[in-house]
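Please read the structure below before turning to the comments.
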6 protein chains.
Amino acid sequence: MRHDGRAMDALRDVQIEKDYLIHPEGSVLITVGNTKVICTASVEDRVPPFLRGSGKGWVTAEYSMLPRATGQRTQREASKGKIGGRTMEIQRLIGRALRAVIDLEALGERTIWIDCDVIQADGGTRTASITGAFVAMALATEGIAEKKKLKSFPIHQYLAATSVGKSEEGELILDLNYIEDSSAAVDMNVVMTSAGEFVELQGTGEESTFNRKEMNGLLDLAENGIHQLIDLQKQALGPICDLIESKEEAAQ
Amino acid sequence: MRHDGRAMDALRDVQIEKDYLIHPEGSVLITVGNTKVICTASVEDRVPPFLRGSGKGWVTAEYSMLPRATGQRTQREASKGKIGGRTMEIQRLIGRALRAVIDLEALGERTIWIDCDVIQADGGTRTASITGAFVAMALATEGIAEKKKLKSFPIHQYLAATSVGKSEEGELILDLNYIEDSSAAVDMNVVMTSAGEFVELQGTGEESTFNRKEMNGLLDLAENGIHQLIDLQKQALGPICDLIESKEEAAQ
Amino acid sequence: MRHDGRAMDALRDVQIEKDYLIHPEGSVLITVGNTKVICTASVEDRVPPFLRGSGKGWVTAEYSMLPRATGQRTQREASKGKIGGRTMEIQRLIGRALRAVIDLEALGERTIWIDCDVIQADGGTRTASITGAFVAMALATEGIAEKKKLKSFPIHQYLAATSVGKSEEGELILDLNYIEDSSAAVDMNVVMTSAGEFVELQGTGEESTFNRKEMNGLLDLAENGIHQLIDLQKQALGPICDLIESKEEAAQ
Amino acid sequence: MRHDGRAMDALRDVQIEKDYLIHPEGSVLITVGNTKVICTASVEDRVPPFLRGSGKGWVTAEYSMLPRATGQRTQREASKGKIGGRTMEIQRLIGRALRAVIDLEALGERTIWIDCDVIQADGGTRTASITGAFVAMALATEGIAEKKKLKSFPIHQYLAATSVGKSEEGELILDLNYIEDSSAAVDMNVVMTSAGEFVELQGTGEESTFNRKEMNGLLDLAENGIHQLIDLQKQALGPICDLIESKEEAAQ
Amino acid sequence: MRHDGRAMDALRDVQIEKDYLIHPEGSVLITVGNTKVICTASVEDRVPPFLRGSGKGWVTAEYSMLPRATGQRTQREASKGKIGGRTMEIQRLIGRALRAVIDLEALGERTIWIDCDVIQADGGTRTASITGAFVAMALATEGIAEKKKLKSFPIHQYLAATSVGKSEEGELILDLNYIEDSSAAVDMNVVMTSAGEFVELQGTGEESTFNRKEMNGLLDLAENGIHQLIDLQKQALGPICDLIESKEEAAQ
Amino acid sequence: MRHDGRAMDALRDVQIEKDYLIHPEGSVLITVGNTKVICTASVEDRVPPFLRGSGKGWVTAEYSMLPRATGQRTQREASKGKIGGRTMEIQRLIGRALRAVIDLEALGERTIWIDCDVIQADGGTRTASITGAFVAMALATEGIAEKKKLKSFPIHQYLAATSVGKSEEGELILDLNYIEDSSAAVDMNVVMTSAGEFVELQGTGEESTFNRKEMNGLLDLAENGIHQLIDLQKQALGPICDLIESKEEAAQ
């Protein structure tokens with residue numbers, strides 16, 4: 001058993017509270033154990049220069065932590081005057097992942113800005129951000145569709161993410177919290193669709209390595225966790241699920 | 001009556017939820033109408049260079065808004081690479097205000113970092129930040145005191161803040177929300193102690209001016225609002241009030 | 001009596017030397033005791049993006065100190081690569097104050113850039129900047145008017161500023177120099193028009209507080225000082241006074 | 001066959017020219033097809049603050065492209081004043097990968113700075129950087145060992161990297177050049193040791209997804225390519241191979 | 001004759017007003033025609049890291065222009081967040097030039113900070129800065145000597161600078177003002193000592209070239225101008241001249 | 001004789017390898033002793049704002065060193081977030097020098113971007129950059145001419161640069177390497193055309209001075225070295241020489 005009493009293959013308690021804020025077109029507070037992230041989706045009727053006139057839309061993401069989301073206060077990136085490498089990596093990952101399940105042509109020349117702000121961190125903030133941001137993006141997209149601005153609903157699959165890893169003791173575990181993550185020999189983030197296909201796979205041996213068999217064990221754990229997360233997304237999204245699923249079927 | 005149905009001299013609905021986050025030494029979610037601010041207080045056993053060896057402590061504040069705290073998404077200051085003038089002004093104000101009610105010698109060579117992160121904005125974010133930050137600071141200070149690290153409790157008064165203003169129509173009003181603030185001819189932020197003394201007074205005619213009589217009317221409104229806010233702080237702080245009040249009496 | 005021999009309610013010696021530089025549309029060297037500020041006004045036939053096409057003009061200000069304006073050399077903000085909070089606060093204040101006495105529609109789609117460069121500092125640099133900048137702005141505006149580019153003269157009132165404070169010993173004093181400012185318990189900057197109305201009021205208890213009675217005493221001192229400063233502005237402006245005063249009367 | 005005539009499972013022509021520069025402790029020019037990267041390793045007798053006094057060393061990497069390494073000139077990051085997200089991601093990856101095959105305790109309190117400067121780019125610059133940087137690191141480490149400053153040789157395995165991907169047409173291919181990379185549906189970077197274990201695995205569906213079977217096909221291709229690259233590293237390293245291999249055996 | 005009535009070999013009217021400001025250890029307002037520069041010298045009892053423990057001192061310079069020193073307002077470098085190439089070049093030149101005439105060992109472990117702030121520009125700001133800064137440096141150095149902190153006076157020669165150039169019409173001219181400088185085919189800045197030796201020589205053909213004979217003609221003009229400038233420095237320095245001259249003789 | 005065995009008036013071994021990279025319109029690897037610089041010329045069909053619509057083109061340069069071009073690793077300017085003064089000075093010099101031998105009107109509204117990246121440094125990097133950049137610029141210009149986009153060939157003279165100096169022992173020497181440069185009493189960079197005219201002349205006494213006679217000796221050395229460098233440029237350029245020389249004759 002794990003230090004918080006979970007089975008090796010158990011997710012932490014997950015909650016997705018939709019419409020958490022009044023201003024954004026889509027917003028969610030996602031809670032995964034003690035990790036809490038506010039995910040918002042903002043719609044802008046413009047695209048970046050490289051897409052102007054292309055008829056295609058764009059999805060981009062920004063990620064940040066409140067200074068005291070963590071055990072020790074961390075300095076704000078605004079105070080430092082620059083964004084760190086870890087933040088850059090995460091926000092590029094979130095944007096790339098979401099773009100895999102939305103048809104940018106069907107979105108039209110619009111940008112969806114995703115903001116993931118971690119208000120409390122206990123491991124898995126990037127995967128919680130992706131899981132929550134998917135819901136925020138779907139809410140915002142539904143808002144555009146409602147105003148009859150879209151020919152067809154652009155989101156064609158569900159998307160969620162979790163982490164898996166190999167503990168110091170060599171156990172394969174699902175959904176690492178901060179203590180587990182800090183001591184893990186191998187750490188892997190998996191982003192997967194409702195069709196069970198990978199969008200991103202990032203496995204890292206932390207001053208360590210892993211073999212093909214371990215990798216397969218980790219992917220089995222991840223796949224199982226992601227199916228549970230997608231079920232929770234469906235509960236949060238309610239009637240919007242029909243829009244996604246009809247698109248999903250159309251694609252098959 | 002005002003557009004949201006309030007009387008001229010009425011505060012919006014205010015809630016102070018203490019211990020909102022698990023990591024910080026003190027934390028609060030303050031809600032003033034639709035304005036919501038997470039205020040945290042972090043204790044560090046060091047002081048800035050100009051105080052080293054002085055035996056005195058320090059309180060400093062940082063303020064930020066989530067990009068989608070507002071109706072339109074605003075660009076992150078971390079992305080811009082610099083902190084704007086408005087943010088600088090506000091965080092200097094918060095720090096200065098809090099330092100007026102804490103005995104920095106009694107605090108000893110420690111820094112209390114205040115972080116005010118606005119997750120939803122509807123006017124009055126700087127005054128909500130001060131009112132919430134006072135409670136976070138008191139919680140963190142109590143934590144230090146509990147570990148018997150302080151000879152005497154350093155906070156000697158309550159401190160809260162509100163805004164008052166003159167509307168376009170010339171009415172004097174308390175606790176302006178965003179719509180009122182945007183159109184006000186005069187806008188005044190008042191920071192006051194439980195003894196009814198001013199700590200900060202910042203009145204601005206927005207392409208307009210105000211006379212002495214109007215100023216006095218505004219201060220009456222503010223004083224009344226601040227007493228109500230201090231009552232709510234007391235409810236949130238519970239037994240910590242005894243520590244502050246015994247200090248308050250000692251000072252008289 | 002004060003350490004420099006002044007009465008409590010006495011200004012320091014003030015001089016306003018107009019047309020100090022050859023290039024700017026308006027320029028002034030203002031001397032307040034040992035504080036010396038070069039104030040210039042530059043006219044640009046463009047406005048910031050948020051005003052384009054509105055028919056309205058803009059006034060904006062920048063403030064800086066030479067590195068050796070002060071007793072200890074201070075590092076240049078250009079070398080640091082960013083503008084500090086105090087500078088931001090001051091330049092926002094100067095711009096806001098000046099905009100209160102100029103009719104931006106009458107100015108037309110032009111920007112007046114105010115630059116206040118402190119070449120020697122001995123307290124009161126922000127209030128000297130406002131008092132001097134008003135004269136520079138009036139000179140530059142007269143220059144536009146002379147070229148018959150304006151339907152009516154846009155400046156409708158005089159504007160000046162001074163500081164007042166409560167000394168360590170509890171005395172209320174006018175026009176604090178650096179030594180007085182450093183030790184003052186309360187420090188208040190007052191910006192006022194020739195009509196005796198407030199434009200800005202910023203009172204700060206420096207790790208201290210102040211009550212309503214003290215505030216009223218401070219405002220009396222400030223009002224008296226500002227009337228003297230406006231008289232000096234009138235002497236410097238000479239015939240331009242007629243333009244302002246006819247506008248002033250028209251507004252009544 | 002591929003547009004440059006290669007078989008699906010063929011690497012491009014690879015050359016590793018060691019001691020390319022006279023100043024660095026270790027240096028290499030690695031050529032992979034038209035991609036050319038100068039990799040240097042510099043030894044410093046200090047470690048970052050978080051390791052001081054720990055007895056452990058550190059390996060860190062920086063990556064950059066000359067402005068005209070690419071078909072279109074790209075602006076220098078020094079001119080922009082900040083390092084982009086892609087660069088950050090790559091340099092973090094290179095450092096992490098190298099740290100997996102060096103015993104930081106055996107290295108002692110020293111930092112090895114890796115610099116990878118791309119002078120010509122045609123796809124695969126990050127994997128060429130890792131493959132070349134491993135050789136530069138080994139050369140520099142041998143230099144320290146030669147001066148009898150190390151108890152045992154710290155590098156315990158070879159390390160190389162390549163890219164694999166799924167082409168637009170659905171073919172699985174090894175070592176993508178720029179044209180293939182730009183149009184690939186799936187792109188995977190694999191970093192592997194001489195023992196055949198993974199250090200990093202980063203698979204990305206570019207607005208696309210991939211399934212488990214495809215992933216396994218890609219990993220087979222990568223493993224085969226990496227073995228060839230390690231053979232080339234061995235030729236370049238010559239007698240230093242004995243040091244690595246005796247360490248490798250000791251670890252088994 | 002030149003457009004301002006000067007002979008080809010005539011300097012503009014030059015004034016050096018010493019002790020212009022109250023705070024700096026040395027200060028000067030130098031006026032060369034319409035060019036006006038405030039030069040200050042500040043003494044700090046520390047040296048940069050590369051000189052610590054060496055027993056040697058340092059002289060370094062910073063240069064800036066007020067935004068409205070020029071005909072068109074220029075943006076502040078503090079607002080841009082970085083110092084431009086021209087400023088860098090000039091401040092490096094000023095520091096290097098001054099270090100040629102001061103014995104850094106005799107100065108001891110102190111830094112003299114030179115600040116040259118151009119309040120009005122009409123060509124020749126860098127050479128006026130050097131000529132004025134020399135006087136400010138001598139005043140500050142005398143202040144240190146007076147406190148008996150120096151074994152011997154460290155300045156061993158006078159130093160001044162001027163510009164020469166070839167006009168569009170091919171005439172060789174001394175001390176170019178802004179209009180002449182803008183149209184000159186060749187522009188040369190010459191820094192020279194009282195012994196008639198060169199410290200810096202920077203000749204530039206502006207989209208043009210110059211031959212050896214022209215160069216010699218320009219140097220004759222410059223030498224003549226610099227002797228006049230050194231006479232003016234001597235008048236400003238008064239009794240300090242004895243200190244420099246006894247050092248000058250000792251060096252011969 | 002000099003420490004590397006050269007005569008006082010001897011250049012180091014110089015090689016100019018043209019078309020060194022596949023992407024740029026013009027590229028060169030220039031080797032001067034141990035100094036190696038990659039010079040590229042990139043053609044862009046746009047000009048900076050101040051030239052738009054003028055019919056004239058522009059040439060601008062950037063200069064950088066790889067971190068380990070030097071004996072000690074130097075921090076990247078991209079990591080520091082700003083470009084240093086020395087770099088700025090050098091890149092301004094390179095651009096200015098090249099613009100003296102190209103007819104910007106004949107170039108038309110195009111920008112030639114010159115990039116000089118030092119991969120190995122042993123003194124004389126700025127003069128090697130100019131000598132190499134001239135060749136890269138000529139190659140790129142020939143490429144434009146070949147596409148019949150130019151009425152006449154815009155380069156009308158050859159241009160090369162070298163350094164000369166006075167050693168510690170007072171000897172006048174040509175083409176200083178790093179050791180000589182570090183200890184030289186006087187250091188002079190000379191940029192000259194094939195017609196034997198100066199474009200730039202920058203002589204600096206490094207905490208030292210020099211007289212007119214020494215200056216003349218240095219210029220004789222430089223002129224001799226530059227003629228040799230231009231011969232090597234001609235060998236590299238081959239048939240492009242005819243284009244330059246016919247232009248050169250036309251100009252006489």
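Per chain, numbering begins at 1; letters A, B, ... match sequence-line order.
- Only the backbone of E:Ser208 comes within contact range of chain F, with at least one heavy atom under 4.5 Å from a heavy atom of that chain.
- Within the 4.5 Å cutoff, no side-chain heavy atoms of E:Met88 are placed close to those of F:Thr87.
- Rounded to the nearest 0.5 angstrom, F:Thr204 OG1 and E:Gln202 CD are separated by 6.5 Å.
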**Message:** Applying side chain to side chain contact (heavy atoms under 4.5 Å, CB included) to E:Met215 and F:Met215, what does each step give before you reach the verdict?
**Reply:** CA-CA 11 Å; E:Met215 189 198 69; F:Met215 191 198 67; 3.2 Å; yes

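- Only the backbone of E:Ile83 comes within contact range of chain F, with at least one heavy atom under 4.5 Å from a heavy atom of that chain.
- For a residue to count as touching a neighbouring chain, one of its non-hydrogen atoms must lie under 4.5 Å from one of that chain's; by this rule F:Leu93 does not touch chain E.
- Of the atoms belonging to F:Glu223, it is side-chain heavy atoms, and not backbone ones, that fall under 4.5 Å from chain E.
- Heavy-atom distances place no part of E:Asp187 under 4.5 Å from chain F, backbone and side chain included.
- Contact count against chain E (heavy-atom pairs under 4.5 Å) is highest for F:Gly85 among F:Ala100, F:Gly205, F:Gly85.
- For F:Asn216, the parts sitting under 4.5 Å from any heavy atom of chain E are the backbone and the side chain alike.
- Counting heavy-atom pairs closer than 4.5 Å to chain E, the top-ranked of the candidates F:Arg99, F:Gln91, F:Arg86 is F:Arg86.
- No more than 12 heavy atoms of other residues, nucleotides or ligands shown are found within 6.0 angstrom of CZ on E:Arg46.
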**Message:** Determine whether F:Lys82 and E:Lys82 satisfy the following criterion, side chain to side chain contact (heavy atoms under 4.5 Å, CB included), listing intermediate values before the conclusion.
**Reply:** CA-CA 8 Å; F:Lys82 61 178 181 183; E:Lys82 62 178 180 181; 5.6 Å; no

